[in-house]
Every structure is written in C-alpha cells, then in structure tokens.
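Here is the structure we will look at.
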Amino acid sequence: MSKIACQRKGERRLSLPSKDMMAAIAVTRFGLGARPGEIETAKADPQGFLTAQIRREGADLPQDGGESAVQRFGQMRDYQEQQRVARQKKDGEATDDAALQAAKAAQIVLRDKVGADFLARARLATNTPAAFRERWALFWANHFTVSSTKQITSVLIGPFEREAIRPNVFGGFETLLVASSTHPAMLTYLDQAQSIGPNSPVGVRRRGARAGLNENLAREIMELHTVGVDAGYTQADVTEFARALTGFSVGRDNEGNAGQFMFRDAAHEPGVRTIMGKKYAEADIQQGMAVLKALAADKRTARHVCGKIARHFVSDTPPPALTARLEKRWMATGGDLAEVAKALVESPEAWDPTPAKFKTPYEYTLSTWRLIGAEPSAFERLGPILTGLGQKPFSAPSPKGWPEDAQTWASPDGLIKRMQWAQGFAAVVADRTDPNALAVSALGARLTPPVAKAVSRAETRKEAFALLVMSPEFQRR
Amino acid sequence: MTAQLNRRSLLGLGASLGISVNFLGTQAFATSEGDLAKKKLVVVICRGGMDGLSVSPPVGDANYANLRGTIAMKPDQVLKLDDTFGLHPELKTVHALAQKGEARIAPAIASPDRARSHFEAQDVLETGAAHVYGTETGWLNRTLEALAPVRKVEGLSVGTTAPLILRGKVQAASWSPGKGVDETARLPTLLQDLYRNDPMLGPAFARGLETETMAQTAMTALSATPAMNVAAASTPAMPGAATMSATMANDRQNRAGSEAARKLGSTLGGFMIQAGGPQIAAISLDGFDTHAGQQGQIATRLSYMDAVLDGLHDGLGAEWKNTVVIAVTEFGRTARVNGTGGTDHGTASTGLVLGGALKPGGGIIGDWPGLADNALFENRDTAPTVDMRGLFKGVLAEHIGVDRTILESKVFPDSAAAKPVTGLV
C-alpha cells in the first residue's frame with residue numbers, strides 16, 4: 001500500500017488503513033476470529049477495542065473446576081499407589097480384578113480431567129469477547145511450553161497455565177519467568193526437580209549414584225524462554241546456571257508441602273557462579289533468582305521475545321521496525337508486558353491490510369466455532385479433530401512449543417485435512433446459517449469479491465459454508 | 001471399508017507414538033531409468049537426542065562401565081556385535097540384520113553443529129548446511145532438485161506438517177492417513193478455483209488432491225494383503241485417550257505400540273514397492289530426550305524403532321535388496337550418567353545404516369575414539385569421528401546415483417570437510 005511510498009520518503013509514520021479494515025484486522029489478526037457482530041463492535045475505535053482488553057490482573061481463567069497443581073499431584077500419587085497395589089497382587093497367585101479395575105478407573109478419571117482442562121480452555125477462547133487478551137495468554141502458554149510427555153505433566157498443564165501463566169501475562173516479564181521457572185509443572189517437565197549439586201550435602205552423601213546435575217531446565221530457560229540460542233552463551237554458562245538452579249524442586253508427601261515449589265538447601269551446589277561473564281555470589285535460592293532476574297533484564301531477552309511476539313501476531317518475517325518498537329518499549333519499561341502489548345497495538349506495521357499469518361489448527365478450529373457463535377461440545381470430539389489436523393491437545397512436540405509458521409501448517413495434507421473437517425462441520429451446522437451474512441460477519445472489510453462471489457454462488461448452504469471457512473481470507477489473519 | 005479403517009488407525013497410531021512418515025520421490029519414469037530408479041532410500045530421524053551409548057553400548061571399552069554407572073549395561077545384557085560393541089537388547093531386528101551383513105553402526109557420528117540445542121541441531125541435520133540458518137531448504141528436497149533433470153521425481157510427505165528435510169523448491173506433497181476425499185463433491189474443484197491466484201495455497205492444495213488419489217490406490221492395494229490389516233493395532237490410540245495414551249503406557253500398550261510401529265513400517269514398505277510409489281522416504285521418531293530415568297524410556301523408543309525397521313524390511317519384500325536405510329539423531333548424549341538416571345545433551349551418537357543393498361562385510365563405520373577422559377569431546381561427550389553429511393553424500397552418490405559435483409555444490413554446500421563415506425553399497 002502506501003507503506004512503500006512512506007519508506008521511500010524516510011518517514012517513520014506509516015498510514016493506517018480505514019477504520020472498517022482496522023476493525024476486521026483487530027478481530028481476526030489480534031483476536032481469535034469474529035464472533036457474530038464483533039467486527040461491528042470494534043469499528044468505532046479498533047485500537048481502543050484492543051487496548052481495553054489489556055489489564056493488570058492478567059488473562060481470564062477457564063471455567064474448569066479450578067483444581068490446583070497440589071490437588072493434581074495428590075490425585076496422581078493416589079492413582080500410582082492403586083496401580084502399585086494392583087500390580088503387586090497380579091504378580092502373586094491370583095489376579096485381583098477389583099484392584100485392577102480401581103486403578104483403571106482412577107486412570108480414566110485423571111484422563112478425563114486433562115480433557116476437561118483442555119475443553120474449558122477451548123471454550124473460553126470460543127466464547128470470550130476479549131479475544132486479544134486470550135491470544136496474548138495463548139502466546140505465553142506456548143512460549144513457556146509444558147507438554148504431556150510424562151503422565152504427571154499432562155495433569156499439570158491446566159493448573160500451570162492457570163497458576164503461573166494467566167495471572168502474569170500483563171505484568172513484568174521477570175514475574176512471569178519466575179512463576180514459570182518455579183512451578184511444579186515446569187520443574188517436572190524439564191527434570192529440574194531432582195537436580196542435585198554434586199558438592200551439596202545431598203550430593204556428597206550420595207556420591208555420584210543417582211545424585212547430580214540435570215541441566216535441561218537451565219538450557220531451555222536460556223535458549224527458549226530468555227536470551228535465545230544466538231545470544232553467545234557457552235556450554236559452561238549452561239552448566240553454571242544449572243548449578244545455580246540446584247535446589248529448585250517440588251515438595252514430597254512426607255515434607256508436608258507435596259506438589260508445591262520447594263527450595264532444597266541441602267541439594268544446592270555451594271559456591272560463586274559465573275554466567276555469561278557475570279558473577280553470582282548469592283547463597284541458596286537467591287542465587288538462582290538473581291540469575292533469572294538478570295536474564296529477564298537482558299537486552300538479548302527483549303530482542304528474542306519481541307521477535308517472537310512480532311512473528312506470532314503479524315508475520316513469519318515481520319518488519320524489523322515492528323520488532324524494534326516492541327523492544328524499545330520493553331527496555332524502556334523493564335519488560336512490562338502490558339506496555340509491550342500496547343506497543344504492538346500502536347505499531348502501524350501491525351496493521352498491514354495483507355494478512356500474512358496462516359492460522360494454526362487450534363486457531364483455525366476456534367475461529368470456526370466463533371464464526372457461528374458456538375463452542376465445542378465435548379473433548380471426545382475436539383481432541384481427535386485437533387490430533388487429525390496435526391495439533392494434538394497439550395502435546396507440543398518439544399519445549400520450543402508449537403510451530404506457528406505457514407510453511408509448517410499450509411502443507412498439502414494439512415489443507416486436505418482442513419477441507420475434510422470443514423465439510424463435516426458444514427454438514428452439521430450450515431443449514432441453520434445464512435452463508436452470505438456469515439461471510440460479512442467473519443471477514444468484514446477483509447472479505448474479497450472472489451470469496452463473496454464463490455459463497456453466493458454455491459449450490460447448497462453446506463457448500464457455501466465450507467467454501468467460506470476454506471477461503472484464503474478465512475484461513476489467514 | 002477395510003482401507004478406511006487402516007488409514008484411520010494409522011493416523012491415530014502415528015500421533016500417539018510420535019511417529020510421522022514422509023515420503024518423497026516417486027518413480028514416474030521408472031522404466032526408462034533402469035537399476036537406479038529401483039534404488040530406495042529411507043531416512044529415519046530420531047528426534048530428541050538419541051543416546052548412542054545405549055543404541056550400541058561399547059561394553060568392551062574400558063571406560064564405559066565407570067562413566068555410565070547406574071545405567072551401564074553388562075556385556076551379557078547386550079546383543080553382541082564385536083569385541084567392543086553390542087546392540088541394545090531391544091534392537092533384535094537390527095542385530096539379526098547385522099549378522100547377515102545388512103546392518104552396520106557408525107558409533108561416533110555427528111552433524112557439524114556443536115551448540116547442543118535440539119532445535120538448532122535438528123535444523124542442521126535436516127538442512128544439511130554447515131551451520132544453523134545456513135539455508136531454509138532440506139537436503140532431501142535438494143536431492144530431488146538435483147535428480148530432476150535426470151529422472152522426474154516427486155516429493156511427498158506423509159504427516160500433517162511439512163518437515164524441514166523436504167522443504168524447498170520442489171513442491172513436496174504430503175499425506176497422512178485419513179478418511180479420503182469424496183471424488184464426487186464439487187468442493188475440491190471450487191477451492192482450486194478460489195486458490196488459483198494464491199501462490200501458497202494453490203500449489204499445496206493441488207498437490208494434496210493428487211496425492212490423495214494416489215494414496216487411495218496404494219492403500220486399496222495394501223488392504224488386499226493380510227499383513228497390512230492394521231485395524232487391530234488401534235488400541236493405544238482411542239480418541240478419548242488422545243492426551244494420555246502415550247504417557248500412561250503400560251507393558252500391554254508398549255507391546256501394542258511396537259506392533260503398531262511394525263505395521264507402520266510394513267505399510268511404508270508396501271507403499272515403496274507400488275509402481276509409482278516413493279523412492280525416497282523419511283520417518284521421524286520422537287521421544288529420545290532422556291534427561292531422567294533413561295533406561296525404561298529408551299528401551300521403549302528403541303523397541304519402536306526396531307519394530308518400524310522390522311516392518312519396513314517385511315513390507316519391502318524382495319525390494320529390500322535395493323534399499324538403504326539411515327537412522328540418525330541430532331546429537332548424542334553425555335558419556336557420564338547425570339544425577340537423575342539420565343544423560344544430558346551431548347555431541348556424537350550412533351547412526352545405523354541398514355539395507356539389502358549394503359556390501360557384505362565391513363565393521364563399524366568410522367573410527368571409535370574411545371571413552372577415556374582425554375578422548376571425550378570437551379571432557380563430556382563421545383567425540384565425533386564421522387560428519388553425517390559424509391554418510392549422506394556417500395549413499396546419495398553410490399546408491400541413488402546423484403552427481404558428485406552437484407552433491408558438493410547444491411545438496412551439501414560447504415561440506416568439503418565432510419569426506420564422503422564410500423564403499424557401503
């Protein structure tokens with residue numbers, strides 16, 4: 001658009017598109033797709049519509065019964081105990097069907113809780129009028145990924161997002177980083193809980209066997225959560241950080257704080273640590289906390305994370321000027337995430353009318369439910385849909401989280417699977433809709449003549465609905 | 001109906017096992033190309049940093065038992081290969097093939113990356129570049145590009161996401177088991193029209209439709225073979241269990257998982273022997289990041305890998321003699337056991353090279369640096385003696401017939417330091 005002309009003049013201020021276009025962008029790019037009438041609502045003041053969703057107290061909490069990590073730890077322990085009893089009996093003379101049944105039932109209860117956590121989160125996203133706030137929370141949940149690679153982590157992901165992520169997404173980055181790095185879910189997922197300093201009292205007592213450092217969390221905090229892999233740190237820095245983090249652990253049953261964060265003095269590696277040229281002489285928990293604080297304040301963290309925000313919200317290859325604006329605000333406010341969110345909304349580069357982002361399967365299916373003002377009915381339906389589209393619930397492939405680029409998701413098979421799902425979805429819901437009106441409600445000023453025409457010329461409502469949700473405009477944001 | 005069941009259960013299985021299959025390269029001009037067009041290559045990517053010292057424990061190395069402590073294996077626990085090396089007890093198929101000269105180990109192989117980051121190292125493995133961010137295309141895709149003037153090969157990835165190893169100029173197709181496309185519906189045609197001017201969605205969707213047609217033919221043929229009936233293997237992937245099935249695996253599920261993995265392998269083999277089937281395929285196996293409680297985890301993962309290879313061997317049938325399989329990981333793990341019964345990110349690991357096309361005889365591939373303290377890389381990891389790009393180059397040149405000049409300039413640029421591993425086939 002006029003962007004090129006502006007750049008040629010060397011002018012920093014870019015022109016924004018019309019209010020109508022901005023309303024459509026606010027709802028589809030910054031939000032999670034339009035619910036009926038949402039674009040209309042945003043028209044008066046599209047940027048204000050978004051900034052009004054930023055609030056200190058954080059993101060919304062899913063309505064899922066609200067069980068805590070502590071409760072889930074207890075339930076998992078009970079299940080494991082039942083399983084142990086059942087197995088013992090099984091190894092004896094007669095098989096104890098009752099014990100096996102009980103263990104099986106306990107497993108199903110836990111599994112259903114994980115499903116309920118995920119469903120509640122999906123329902124929040126489909127129903128919320130503050131979808132920018134929810135997208136912002138989803139970004140941070142993916143940044144600090146915990147995935148169900150272990151049976152214990154699968155039941156903790158819901159509590160982790162509720163306790164560590166959601167309350168802190170509009171606070172200081174340091175607070176969020178500390179909350180994530182001290183939550184039992186993260187400490188378990190990345191094996192920190194059992195890491196022991198070799199020269200700590202526990203390490204000396206156990207002498208080698210099953211006592212020592214585990215550097216998994218230290219490495220991923222540096223590489224993924226803070227400064228980034230290209231920050232110039234070395235293996236020695238990772239190991240030193242792992243030493244500083246020894247003692248960060250989770251309480252056990254006989255300690256009276258089962259399932260809570262616990263600092264184990266006796267497991268902490270004594271001594272001064274040097275990480276990326278900086279000395280840390282603090283004792284005990286203060287040492288690890290001081291490193292987290294320094295990492296949070298590091299310029300390289302601002303660069304790494306702001307680049308990720310720009311890639312998530314705007315483009316797989318965002319304009320450097322956008323990242324620079326976010327970084328500047330980050331550094332000026334000490335990593336105040338509410339301010340960074342505002343900077344994003346205020347950046348003209350974020351409002352380019354050309355939609356550059358291709359929706360991930362989660363975003364895509366959520367936006368389809370939002371389109372008709374509905375919500376997923378059961379995890380038993382939602383789970384297989386997302387698994388089939390390549391994004392199995394709570395199962396990011398690695399601590400790096402889900403990929404968010406078009407190259408990954410706009411694959412030939414990915415498109416075929418979306419079409420098959422769109423056909424099935426349309427068969428159930430389309431006859432109750434007016435597809436022409438839906439197209440306007442879904443895309444507003446982003447609706448192009450070819451898509452409007454294709455929808456209006458479709459043979460059936462089902463066909464029209466499937467065409468709309470499979471259109472390039474609806475699949476992008 | 002049978003075909004549908006097969007495809008659907010495979011989809012669930014792939015997801016729950018962390019396995020995805022990528023095909024690329026179909027033999028469109030097979031008849032005009034003679035022997036070379038029959039040659040097949042399968043690349044198995046073991047993601048997460050597979051522990052080489054567990055894959056092929058060097059039980060005869062004087063320092064092994066001490067370094068590994070609680071997780072060391074005893075000489076009588078492993079499947080013996082030679083005086084130094086054995087194979088993990090779960091790798092029964094690999095061992096049986098090794099006895100016949102159809103499997104070899106490269107016990108100290110690594111990519112050129114030394115950062116010990118999963119993501120960086122996997123990028124380097126898949127791009128074939130000398131360093132991270134060296135290129136955005138995968139070396140298998142550039143192989144297709146290199147072969148294009150000689151014989152027409154098409155790319156196909158099975159799985160809902162496109163892996164880096166086959167991203168690039170050649171529009172790779174992708175496919176995963178699903179319910180198929182209704183040929184009579186108008187929607188595919190209307191969508192092709194809607195995507196006509198879309199440079200990303202247009203080509204991708206067209207390729208998806210073509211592939212779906214081809215896959216339906218291939219699956220129909222497969223379902224006629226009793227060995228291909230995988231309906232029974234759907235147990236661990238019931239939809240309701242989507243989140244927990246992989247993690248709450250008990251012994252029964254492990255057995256079912258192995259059986260499913262075996263059937264996935266045999267299905268892949270079945271695809272590759274179809275006329276017009278893929279000549280080159282890639283499979284990903286996940287779950288090798290064993291920081292804690294390593295022994296149980298790696299046994300399960302290696303049993304899946306062995307089962308995939310067993311199935312592949314079966315499915316390829318007589319075509320096994322034209323096949324080379326390479327299994328590699330992004331990096332190995334620390335030589336010393338850590339404090340949590342696991343190991344942390346390291347450097348060199350074991351690569352496996354299998355296939356009926358291998359020359360008989362020959363011991364390990366590359367030198368064994370040993371595990372003495374002063375032999376370890378940074379006093380920590382198995383030291384690399386073979387650059388995996390050298391292995392890839394050797395196999396592509398001698399087995400697939402890729403021109404050596406193009407290999408050095410286009411497929412693996414800046415790889416002069418990685419000497420091709422020759423004489424394997």
Side-chain angles (χ1 to χ4, degrees), chain A residues 107 110-111 114-115 118 148-151 154 191 194-196 198 203 208-216 219 223 229 235 380 383-384 387-390 392-395 397-398 400 403 406-417 419-420 423 450-451 454 459 463 466-467 470-472, chain B residues 11-12 15 47-48 69-70 115-120 132 157-162 167 173-176 178-179 181-182 185-188 190-191 193-195 198 200-201 204-205 207-209 211-212 239-244 246-248 286-287 291-292 338-342 344-345 378 380:
Chain A
Q107 179 180 347
L110 281 171
R111 199 171 69 197
V114 177
F118 190 83
S148 36
T149 50
K150 305 179 171 116
Q151 56 183 31
S154 60
D191 308 304
Q194 315 118 286
S195 184
I196 291 166
R210 297 198 74 83
L213 280 186
N214 189 308
E215 61 188 38
N216 203 7
R219 180 186 303 279
E223 175 175 339
V229 71
Q235 174 61 46
E380 286 65 29
T387 302
L389 293 174
K392 187 177 167 186
F394 285 156
S395 301
S398 77
K400 194 177 182 180
Q407 279 253 29
T408 298
W409 298 113
S411 69
D413 188 64
L415 292 176
I416 297 293
K417 292 293 186 293
M419 178 183 72
Q420 290 165 341
Q423 281 174 306
V451 174
E459 268 186 357
E463 192 177 275
L467 275 169
M470 284 301 290
S471 68
Chain B
L11 171 65
R47 296 180 195 271
T70 49
R116 299 191 182 91
S117 147
H118 292 298
F119 321 111
E120 189 171 319
V132 72
S157 94
V158 173
T160 37
T161 59
R167 287 191 200 164
S174 72
W175 177 84
S176 72
K179 62 187 173 190
V181 171
D182 179 359
R186 280 163 30 107
L187 188 61
L190 294 171
L191 285 174
D193 200 41
L194 203 51
Y195 297 164
D198 193 310
M200 183 173 75
L201 300 186
F205 187 66
R207 179 53 56 89
L209 288 174
T211 308
E212 192 59 37
T243 310
M244 312 258 301
T247 53
M248 289 200 164
D286 294 349
H291 285 278
N338 68 14
T340 53
D344 294 317
H345 300 185
E378 297 181 351
R380 170 186 163 103

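Reminder, nothing fancy here: chain letters follow the sequence lines and each chain counts from 1.
A/E215 meets the salt bridge (charged side-chain N to carboxylate O under 4.0 Å, His left out) test with A/R219, B/R380; sequence neighbours excluded.
Atoms CZ and CE, on B/F205 and A/M419 in that order, are 4.5 Å from each other to the nearest 0.5 Å. Atom CG in B/D286 sits 11.0 Å away from atom OG in A/S395 (nearest 0.5 Å). To the nearest 0.5 Å, atom CD of residue A/E463 and atom CG of residue B/L190 are 5.0 Å apart.
Residues A/M470 and B/Y195 come closest through the heavy atom pair O-OH, 2.6 Å. Summarising the geometry of A/D191 relative to B/A292, their closest heavy-atom pair is OD1-CB, 3.7 Å, with the distance given to 0.1 Å. Nearest heavy-atom pair across A/A466 and B/L187 is CB-CD2, 3.7 Å. Nearest heavy atom pair, residue A/P472 against residue B/D198, reads CB-OD2, 3.5 Å. Summarising the geometry of A/S411 relative to B/A204, their closest heavy-atom pair is C-CB, 4.4 Å, with the distance given to 0.1 Å.
Of the two parts of A/A410, the backbone and the side chain both hold a non-hydrogen atom closer than 4.5 Å to a non-hydrogen atom of chain B. Interface remark: A/S471 contributes backbone and side-chain atoms alike to the contact with chain B (heavy atom separation under 4.5 Å).
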Side chain to side chain contact (heavy atoms under 4.5 Å, CB included) between B/N338 and A/L213, worked out: CA-CA 6 Å; B/N338 68 14; A/L213 280 186; 6.0 Å; no
Side chain to side chain donor-acceptor pair (under 3.5 Å) assessment of B/R167 paired with A/T408: CA-CA 9 Å; B/R167 287 191 200 164; A/T408 298; 3.0 Å; yes
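In terms of non-hydrogen atom pairs under 4.5 Å with chain B, the most contact-rich of A/N216, A/V229, A/V451, A/L415 is A/N216.
With hydrogens and angles ignored, the 3.5 Å screen pairs a side-chain donor or acceptor of A/N214 with a backbone N or O of B/H291.
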